[in-house]
Amino acid sequence: MRIIESITEMQQQADAWRREEKRIGLVPTLGYLHAGHQKLMEAARKHADVVVMSVFVNPTQFVQGEDFELYPRDLDHDARLGNEVGVDVIFAPQVAEMYPDGYQTHVEVTRITLPLCGRHRPGHFRGVTTVVTKLFNIVKPHIAVFGEKDFQQLAVVRRMVRDLSMDVKILSHPIVRETDGLAMSSRNTLLTPEEREQALLINRSLREAQALVAGGVRSAEEILDRVRSRVSAGKGMNVDYIELRDPESFEEVARISGPALLAMAVRIGKTRLIDNCVLQAAVESP
Ligand code: AMP
């Protein structure tokens with residue numbers, strides 16, 4: 001496994017692979033890998049001959065006052081985990097090369113970025129779509145894998161690829177959870193043991209919502225009331241949002257008739273966690 005820092009070197013490697021007719025798979029990450037990321041690499045491997053994982057804590061997707069500086073970083077750890085699942089190249093560029101002085105170009109998806117994380121982290125998705133576009137131009141992948149944990153991000157990237165006719169296939173991977181149900185996240189390592197315990201309310205409340213729907217409840221208000229009060233009851237839990245939205249249009253859902261995305265972002269102490277599930281009349285448990 002090679003670690004490439006330079007944009008030109010990565011582009012030359014991608015060109016060489018393409019000349020050899022190798023299919024390139026890309027998994028973009030912020031690094032500090034966990035077993036959930038590894039599942040995405042394995043999924044990429046099934047659809048590609050070579051797998052590139054990018055490790056880049058992208059400053060433009062962090063909003064003023066967020067944890068950009070505090071975000072955990074450990075390239076040796078990432079290299080070890082990448083190696084375990086047969087990643088061919090880690091692309092780990094420097095901020096100064098990705099955004100040199102004078103940088104002024106951005107890619108923006110307009111409508112589905114408005115609610116949820118878009119509303120609570122203004123500018124976040126513009127940072128995501130901009131860096132993903134750059135990564136596509138640098139790594140030149142045939143396929144790229146994104147996790148359903150960042151459900152809105154996945155939809156936004158899919159929208160961008162369709163709208164801008166980008167020649168890359170977007171694949172998704174279901175949420176990977178710890179055995180107690182907490183969605184894996186690099187930010188989980190920032191939780192104190194007590195906060196980690198409280199965080200279980202997130203997944204539990206999603207399961208409760210699924211049970212309500214399975215029991216015949218269809219009113220979004222009733223489901224949201226229950227989930228919000230359950231999560232807010234946790235010590236030190238501050239809800240950014242808990243909402244029911246159409247998983248494609250991201251319009252608000254008033255009644256569960258088709259699939260409905262139940263998405264939430266919750267702050268526990270200084271750490272912000274997100275989770276979601278798609279509710280429908282008959283669903284698998286998260
Ligand atoms: P991140 O490093 O948090 O930006 O995540 C990189 C990619 O891994 C994104 O596509 C995430 O959606 C995905 N991902 C992170 N955690 C999980 C998880 N627990 N299950 C599935 N995908 C995940």
Side-chain angles (χ1 to χ4, degrees), residues 36 66 111-122 124-125 147-156 172-188 190-286:
E66 284 189 344
R111 209 160 44 240
I112 60 170
T113 54
L114 293 178
L116 307 179
C117 281
R119 189 157 90 76
H120 290 266
R121 305 180 74 189
H124 167 68
F125 285 119
E148 289 170 12
K149 177 160 145 328
D150 299 81
F151 194 98
Q152 192 179 14
Q153 168 176 281
L154 170 64
V156 168
S172 65
H173 192 284
I175 300 177
V176 183
R177 297 179 180 281
E178 304 286 356
T179 46
D180 60 10
L182 182 66
M184 289 187 182
S185 165
S186 308
R187 289 191 170 97
N188 291 349
L190 303 172
L191 299 169
T192 64
E194 198 184 331
E195 289 170 344
R196 171 73 179 69
E197 191 59 32
Q198 296 295 313
L200 293 177
L201 283 174
I202 295 173
N203 175 55
R204 283 195 198 130
S205 70
L206 292 178
R207 294 170 68 97
E208 202 171 314
Q210 292 186 329
L212 287 177
V213 174
V217 177
R218 296 289 177 267
S219 149
E221 199 182 337
E222 193 176 339
I223 295 165
L224 290 172
D225 278 353
R226 184 78 76 87
V227 174
R228 285 176 183 142
S229 60
R230 187 107 158 98
V231 173
S232 312
K235 191 165 158 243
M237 307 272 277
N238 280 303
V239 173
D240 253 14
Y241 65 77
I242 297 180
E243 293 185 29
L244 268 168
R245 298 251 163 196
D246 181 284
E248 281 181 18
S249 68
F250 287 83
E251 298 290 336
E252 259 178 311
V253 165
R255 284 192 69 75
I256 312 288
S257 47
L261 172 71
L262 174 56
M264 66 174 77
V266 178
R267 290 171 199 278
I268 311 179
K270 289 195 181 118
T271 309
R272 184 178 186 273
L273 300 180
I274 56 171
D275 205 341
N276 71 78
C277 68
V278 176
L279 299 176
Q280 39 204 343
V283 283
E284 290 169 11
S285 56

Quiz item: Are the side chain of N276 and the backbone of E148 linked by a donor-acceptor contact shorter than 3.5 Å?
Solution: yes
Self-check item: Expected output: side-chain S205 to main-chain I202 donor-acceptor under 3.5 Å
Solution: yes
Exercise. Answer yes or no: does atom CD of E66 have more than 12 heavy-atom neighbours from other residues, nucleotides or ligands under 6.0 Å?
Key: yes
Quiz item: What pair of heavy atoms forms the shortest contact from Y241 to L116, and how long is it?
Solution: CE2-C, 3.4 Å
Quiz item: Side-chain contact, heavy-atom cut-off 4.5 Å: S257 with R218?
Solution: no
Exercise. First locate atom CZ of R187, then atom CD1 of I268, and finally report the distance between them rounded to the nearest 0.5 Å.
Key: 12.5 Å
Quiz item: Is a side-chain donor or acceptor of Q198 paired with a backbone partner of K235 at a separation under 3.5 angstrom?
Solution: yes
Quiz item: Rounded to the nearest 0.5 Å, how far does OG of S172 lie from CD of Q153?
Solution: 12.0 Å
Quiz item: Where the side chain of Q152 meets the backbone of C117, is there a donor-acceptor pair that is under 3.5 Å apart?
Solution: yes
Exercise. State whether the number of non-hydrogen atoms from other residues, nucleotides or ligands found under 6.0 Å of R196 atom CZ is greater than 12.
Key: yes
Exercise. Verify, without hydrogens or angle tests, whether N188 (side chain) and A183 (backbone) share a donor-acceptor contact under 3.5 angstrom.
Key: yes
Exercise. For the pair R272 (side chain) and V266 (backbone), establish whether a donor and an acceptor sit closer than 3.5 Å, ignoring hydrogens and angles.
Key: no
Exercise. Test L201 against M237 for side chain to side chain contact (heavy atoms under 4.5 Å, CB included), laying out the working first.
Key: CA-CA 9 Å; L201 283 174; M237 307 272 277; 4.0 Å; yes
Exercise. Examine distances only and state if a side-chain atom of H124 and a backbone atom of G118 form a donor-acceptor pair shorter than 3.5 Å.
Key: no
Quiz item: So, for E195 and G269, which heavy atoms are closest and what is the spacing to 0.1 Å?
Solution: OE2-CA, 3.6 Å
Quiz item: Is there a side-chain contact between V217 and I256 (heavy atoms, below 4.5 Å)?
Solution: no
Self-check item: Side-chain (S232) to main-chain (S229) donor-acceptor, under 3.5 angstrom
Solution: no
Quiz item: Which heavy-atom pair separates A260 from P247 by the least distance, and what is that distance?
Solution: CA-CD, 4.1 Å
Quiz item: Salt bridge between R177 and D275, side-chain N to carboxylate O under 4.0 Å?
Solution: yes
Quiz prompt | Distance in Å, E251 CD paired with L114 CG, rounded so as to fall on 0.5 Å steps | solution = 9.5 Å
Quiz item: Is there a side-chain contact between L244 and E252, using heavy atoms and a 4.5 Å cut-off?
Solution: no
Quiz item: To the nearest 0.5 Å, what is the distance between CG (L182) and CG (L200)?
Solution: 6.0 Å
Exercise. Show the numbers, then the answer: is there a side chain to side chain contact (heavy atoms under 4.5 Å, CB included) between V278 and L262?
Key: CA-CA 6 Å; V278 176; L262 174 56; over 6 Å; no
Quiz item: So do L261 and D246 actually touch side chain to side chain, heavy atoms under 4.5 Å?
Solution: no
Practice problem: Give, for atom CG of N203 and atom CD1 of I175, the distance between the pair rounded to the nearest 0.5 Å. | Solution: 9.0 Å
Exercise. Check the pair R230 / E208 against salt bridge (Lys or Arg N to Asp or Glu O under 4.0 Å), numbers first and verdict last.
Key: CA-CA 9 Å; R230 187 107 158 98; E208 202 171 314; 2.3 Å; yes
Quiz item: Roughly how far apart are Q210 CD and C277 SG, rounded to 0.5 Å?
Solution: 4.0 Å
Quiz item: Step by step, would you call I112 with V156 a side chain to side chain contact (heavy atoms under 4.5 Å, CB included)?
Solution: CA-CA 7 Å; I112 60 170; V156 168; 4.0 Å; yes
Self-check item: M184 and K149: CA distance, side-chain angles, deciding distance, side chain to side chain contact (heavy atoms under 4.5 Å, CB included) verdict
Solution: CA-CA 9 Å; M184 289 187 182; K149 177 160 145 328; over 6 Å; no
